[in-house]
Amino acid sequence: MKLVVQRVKKSNLKIKNKLYSSINAGMVILIGISKNDNYEMAKELANKIIKLRIFNDDKGKMNKNIMEIKGEVLVISQFTLYADTNKGNRPSFINAAKPELAISLYNRFIDELQKLISSKVRTGKFGADMMIELINDGPVTIILEK
């Protein structure tokens, strides 16, 4: 399981040119799921996300987590995080999980995160063609992999 976590001032996600989800200050999480991932990984990464200190304190030091700033979270599935470009120029997605497993783990990650955070976890729509706008704060972008 691979996560790309971006600290944002705000973000919105559109499907077919219609607003589907939006958040204010917090984090956008792109989640890629591999064929070798499992439920325990989803739970561990949700716990890691909630404790990740990537928000500034009063002194400008990254010392606060999402709960401390009362931030919001937008989780978006992105199988392309498991692109393999070692051969040729066209990416292979052989390491990405099949939809049945990926949907299940995507939902488990969201459920585990929702148990831990006070604000509602916003999402994209699995498998949809989505347009995402965000204002990256910092910029701060962190990659987590399990």
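None of the values given here were measured: they were computed from a predicted structure. Positions are given from 1 along the sequence.
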For this session: Give the intermediate values and the outcome of side-chain hydrogen bond (donor to acceptor under 3.5 Å, both in side chains) for residues R53 and N65.
Result: CA-CA 4 Å; R53 297 186 316 170; N65 64 39; over 6 Å; no
For this session: Give the intermediate values and the outcome of side-chain contact (heavy atoms from CB on, under 4.5 Å) for residues T141 and V4.
Result: CA-CA 7 Å; T141 303; V4 176; 3.7 Å; yes
For this session: With side-chain contact (heavy atoms from CB on, under 4.5 Å) as the test, would you mind laying out the steps for M27 and I54 before giving the verdict?
Result: CA-CA 9 Å; M27 54 176 70; I54 63 169; 3.9 Å; yes
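Considering all non-hydrogen atoms of both residues, R7 and N136 come closest at O-OD1, 3.2 Å. The shortest non-hydrogen separation linking F126 to A102 is CZ-CB, 3.6 Å. Contact record, M130 with G124: SD-CA, 3.7 Å, taken as the closest heavy-atom pair. Looking at every heavy atom in both residues, A97 comes nearest to L101 through CB-CD2, 3.9 Å. Y106 and I76 get closest at one heavy-atom pair: CE1-C, 4.2 Å. Pairing each heavy atom of S77 with each of G127, the nearest pair is OG-N, 4.0 Å.
Side chains of K35 and K98 form no contact here, defined as non-hydrogen atoms less than 4.5 Å apart. Residues I142 and Q6 fail the side-chain proximity criterion, which asks for heavy atoms closer than 4.5 Å. At a threshold of 4.5 Å between non-hydrogen side-chain atoms, the residues M67 and I50 count as touching. The closest side-chain heavy-atom distance from D137 to V8 is not below 4.5 Å. Side chains of K64 and N56 form no contact here, defined as non-hydrogen atoms less than 4.5 Å apart. Counting only heavy atoms from C-beta outward, the side chains of V75 and F109 approach each other to under 4.5 Å. Here the side chains of L3 and I143 are not in contact, with every heavy-atom distance at 4.5 Å or above. The closest side-chain heavy-atom distance from L13 to M131 is not below 4.5 Å.
Separation of atoms CD1 (I29) and CG (L74) is listed at 8.5 Å; rounding is to 0.5 Å. The CE atom of M41 sits 9.0 Å away from atom CG of L105, with the distance rounded to the nearest 0.5 Å. The distance from atom CD of E40 to atom CG of L45, rounded to the nearest 0.5 Å, is 10.0 Å. How far CG of N38 is from CD1 of I33: 11.0 Å, rounded to the nearest 0.5 Å. The CD atom of E72 lies 6.0 Å from the CD1 atom of I23; values are rounded to the nearest 0.5 Å. Rounding to the nearest 0.5 Å places CG of L116 at 11.0 Å from CG of D111.
Although no hydrogens or angles enter the test, the distance criterion places a donor-acceptor pair under 3.5 Å between the side chain of S119 and the main chain of G71. In this structure, the side chain of E145 does not engage the main chain of K2 through any donor-acceptor pair within 3.5 Å. Between the side chain of N107 and the backbone N or O of S104, no donor-acceptor pair lies under 3.5 Å. Put simply, the side chain of E133 never gets that close to the backbone of S11: no donor and acceptor are under 3.5 Å apart. The backbone N or O of T123 lies less than 3.5 Å from a partner atom in the side chain of S21, making a donor-acceptor pair.
When hydrophobic clusters are built by joining Ile, Leu, Val, Met, Phe, Trp and Tyr residues whose side-chain heavy atoms come closer than 4.5 Å, directly or via intermediates, F79 is not grouped with I132. Hydrophobic clustering (ILVMFWY, side-chain heavy atoms < 4.5 Å, transitive): I49 and Y39 are in one cluster.
The cationic atom of K14 (NZ for Lys, CZ for Arg) does not lie both less than 6.0 Å from the six-membered ring centre of Y20 and within 45° of the ring axis.
A salt bridge links E112 with K115: the closest approach of a Lys/Arg side-chain nitrogen to an acidic carboxylate oxygen falls below 4.0 angstrom. For the pair E44 and K146, the salt-bridge criterion is met [side-chain N within less than 4.0 Å of a carboxylate O].
Residue K10 qualifies as open at atom NZ: its count of foreign heavy atoms under 6.0 Å is 12 or below. Within 6.0 Å of atom CD1 in I94, 12 or fewer heavy atoms from other residues, nucleotides or ligands are found, so the atom counts as exposed in its surroundings.
Y82 has its ring centre no less than 6.0 Å from the ring centre of F93.
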